[in-house]
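What follows is a single structure, written as C-alpha cells, with notes after it.
Read the numbers this way: they start at 1 and go in the same order the structure lists the ligands and their atoms. Only this structure's heavy atoms are used, side chains among them; waters, hydrogens and symmetry mates stay out.
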Amino acid sequence: MSQFWSSTVSQLTPYVPGEQPKLPGLVKLNTNENPYGPSPQVIAALREAAADSLRLYPDPTASELKQTLADYHGVSSAEVFVGNGSDEVLALAFMALLKHDAPLLFPDISYSFYPVYCKLYGIDYRTVPLDDTMRIRPEDYTGPCGAIIFPNPNAPTGVNLPLDGVEALLQAHPDAVVVVDEAYVDFGGESAIRLVRQYRNLLVVQTLSKSRSLAGLRVGFAIGHADLIEALERVKNSFNSYPLDRLALAGAVASFRDEAYFQQTRTAVIDSRTQLTRQLAALGFEVLPSVANFVFARHPQHDAAQLAAGLRARSVIVRHFNSPRISQYLRISIGNPTECAALLEALRSLV
Ligand code: PMP
C-alpha cells in the first residue's frame with residue numbers, strides 16, 4: 001500500500017474481469033460473449049466513421065443514438081442515457097441515484113461488480129439471499145432500503161424475475177430507485193422498459209455487449225424517468241462531457257437498424273441454449289432454467305472446480321462458483337453449435 005493512496009483506494013477490492021486468453025483453438029465460454037459477430041452493417045458503419053471523421057470530436061449529446069434508442073424502445077430521448085458499456089452506466093447510477101441514509105439491497109448471488117461500486121462510493125449495502133430455487137423473492141426486500149439493484153435475468157443464475165415481481169419491488173419502495181440491470185434480457189426475458197412511464201423510481205439498464213455482440217465497442221444505456229436521466233447526465237458531464245467516441249456512436253446506431261440480424265442471432269443463441277440444457281441434463285447435470293446467454297449447472301457427483309480444470313485441460317474455459325450459499329456450479333456461456341459440441345465432448349470424458 002502506498003503512502004500516497006487515499007483511504008478509499010486503500011480499501012478497494014477491485015473487480016477482476018473474466019480471463020481473455022488468446023490461445024489458438026480455445027473454446028471460450030467464460031465471459032458470456034456472443035458467439036456470432038456483430039451485424040455486417042455495424043462493421044460497414046465503423047469503417048465509414050473511421051475513414052471520415054476521427055479528426056473531429058464526437059457529438060457530446062449522442063443525440064442520434066439517443067433518438068435511435070428512444071424510437072426503438074418507444075420512449076422519448078429525454079428518457080435515455082448512454083455510456084461506455086453498462087458498467088459505466090451502472091457506476092454513474094451508483095454515484096448519482098443511491099441514497100446514503102439506508103442500505104442498498106441486492107441479491108446474493110448477483111453481479112459481483114455491485115459491492116465493488118458500493119465500496120468505491122461509500123454506500124452501505126445488504127444482500128438478500130435467493131430462495132431455495134435460486135429465485136429472487138420480492139417479499140424478502142423489506143426493511144430500510146436506500147435503493148435496489150438486481151440483474152434480470154439474474155447473473156450468474158440466468159433465472160428470470162417476472163415483471164409482476166419487478167412491480168412488487170417498485171411498489172414496495174416508491175421512494176427508492178430500483179435499478180433493473182437487463183444485460184441479458186434479449187435472450188428470453190421481458191424488459192421492464194414498458195414500466196418506466198408508470199414508475200418514476202425505475203431505471204432500466206441495458207448493454208450492446210451481449211445480444212448485439214459489441215462487447216468490444218463498450219456501449220450501454222439506461223431508460224427511465226427524465227429526472228433520473230438528468231441526474232446521470234449531471235454526473236457524466238462533471239467527468240467527461242463526451243459520452244461515447246465516434247466509432248461507438250456509429251456502430252451502436254447501425255446495430256439498431258439491423259433488426260433482422262439481431263433476431264436471427266439471438267434466436268440462434270436461444271436454440272443452442274435449449275439444446276445444451278437438454279444435453280447437460282442427459283449427462284446428469286442439474287441446470288437452472290435460464291433465459292440468458294449462459295447456463296448455471298451443477299453435477300451432483302462432481303466438484304465444479306475440478307470439472308472446470310478438466311475442461312481447461314481440454315481447451316474449454318468456463319467459470320465455476322463455489323461459495324457457502326452457491327456451491328458447485330459451473331457457469332457456461334452459450335457458444336455456437338461447434339463450441340457447444342466441443343464442450344459436451346470434453347464433459348463426456350469427465351463425468
Ligand atoms: N451487468 C451484468 C449483470 C453483467 O453480467 C455485465 C457483464 N459483465 C454487465 C452488466 C456489464 O456489461 P457491459 O459493461 O459490457 O455493458
Side-chain angles (χ1 to χ4, degrees), residues 14-20 28-35 38 42 62 65 69 80-95 104 106-118 120 125 127 130 134 136 147-161 166 178-189 191-193 203-223 232 236 243-245 247-249 251-252 255-256 269 273 288 290-296 317-319 321 326 329 331-334:
Y15 180 76
V16 182
E19 278 181 89
Q20 296 291 350
K28 191 175 167 305
L29 304 176
N30 65 328
T31 49
N32 300 339
E33 285 136 338
N34 195 315
V42 170
L65 176 58
L69 289 165
V80 180
F81 179 81
V82 298
N84 287 278
S86 55
D87 278 343
E88 186 185 72
V89 177
L90 291 168
L92 295 172
F94 270 66
M95 186 186 276
L104 167 71
F106 54 84
D108 178 18
I109 185 172
S110 79
Y111 187 26
S112 44
F113 228 126
Y114 304 155
V116 175
Y117 294 134
C118 285
L120 179 60
Y125 67 91
T127 57
L130 299 175
M134 305 279 266
I136 292 173
I148 297 175
I149 183 165
F150 60 95
N152 200 27
N154 197 8
T157 63
V159 175
N160 184 51
L161 175 66
V166 177
V178 176
V179 181
V180 187
D181 176 355
E182 295 189 336
Y184 302 100
V185 74
D186 291 329
F187 299 105
S191 176
I193 289 176
L203 188 76
V204 180
V205 178
Q206 291 194 2
T207 177
L208 278 68
S209 297
K210 313 293 179 181
S211 58
R212 293 180 184 273
S213 201
L214 289 171
L217 204 62
R218 312 304 304 131
V219 185
F221 61 95
I223 294 188
L232 295 171
K236 188 265 298 172
L244 293 175
D245 64 62
L247 297 180
L249 289 171
S255 171
F256 282 92
V269 171
R273 181 184 69 216
L288 291 185
S290 168
V291 294
N293 67 339
F294 53 85
V295 289
F296 206 48
I317 307 194
V318 301
R319 288 274 310 270
F321 289 75
I326 308 295
Y329 275 92
R331 191 198 67 189
I332 306 168
S333 308
I334 306 296

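Listed by number with element, the atoms of ligand 1 under 4.0 Å from a non-hydrogen atom of Gly85 are 14 (O), 16 (O). Against a heavy-atom cut-off of under 4.0 Å, Ser209 is close to the following atoms of ligand 1: 13 (P), 15 (O), 16 (O). Near Lys210, meaning under 4.0 Å from one of its heavy atoms, ligand 1 places the atoms 7 (C).
Here the closest heavy-atom approach between residue Leu104 and residue Ile148 is recorded as CD1-N, 3.9 Å. The two residues Gln206 and Val185 come nearest to each other via the heavy atoms NE2-CG1, 3.5 Å.
Glu88 pairs by the salt bridge (Lys or Arg N to Asp or Glu O under 4.0 Å) definition with nothing, not counting sequence neighbours. Under the side chain to side chain contact (heavy atoms under 4.5 Å, CB included) criterion, Ser209 pairs with Thr207, Ala215, Arg218, sequence neighbours left out.
In terms of protein heavy-atom proximity, atom 11 (C) of ligand 1 is nearest to Asp87 OD1, 3.1 Å. Residue, atom and distance of the protein heavy atom nearest to atom 14 (O) of ligand 1 are Arg218 NH2, 2.7 Å. Ser86 OG, 3.2 Å is the protein heavy atom nearest to atom 12 (O) of ligand 1. Of the protein's non-hydrogen atoms, the one nearest atom 1 (N) of ligand 1 is Asp181 OD2, 2.7 Å. With respect to atom 8 (N) of ligand 1, the closest heavy atom belonging to the protein is Tyr111 OH, 3.2 Å.
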side-chain contact (heavy atoms from CB on, under 4.5 Å) between Asn293 and Tyr184, worked out: CA-CA 7 Å; Asn293 67 339; Tyr184 302 100; 3.2 Å; yes
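With Phe106 as the partner, the ring pair (Phe, Tyr, Trp, His ring centres under 6.0 Å) test is satisfied by one option alone out of Tyr125, Tyr111, Phe94: Tyr125.
Inclusion of Tyr114 in the set of residues having an N or O under 3.5 Å from an N or O of ligand 1 is not warranted. Of the N or O atoms in Tyr15, none lie within a sub-3.5 Å distance of an N or O in ligand 1.
Judged by a 6.0 Å distance limit and a 45° cone about the ring axis, Arg212 is positioned over the six-membered ring of Phe256.
Checking Phe113, Tyr184, Phe294, Phe221 against atom 4 (C) of ligand 1, the nearest heavy atom belongs to Tyr184.
For the pair Lys236/Pro243, a side-chain contact is recorded, criterion being any heavy-atom separation below 4.5 Å from C-beta on.
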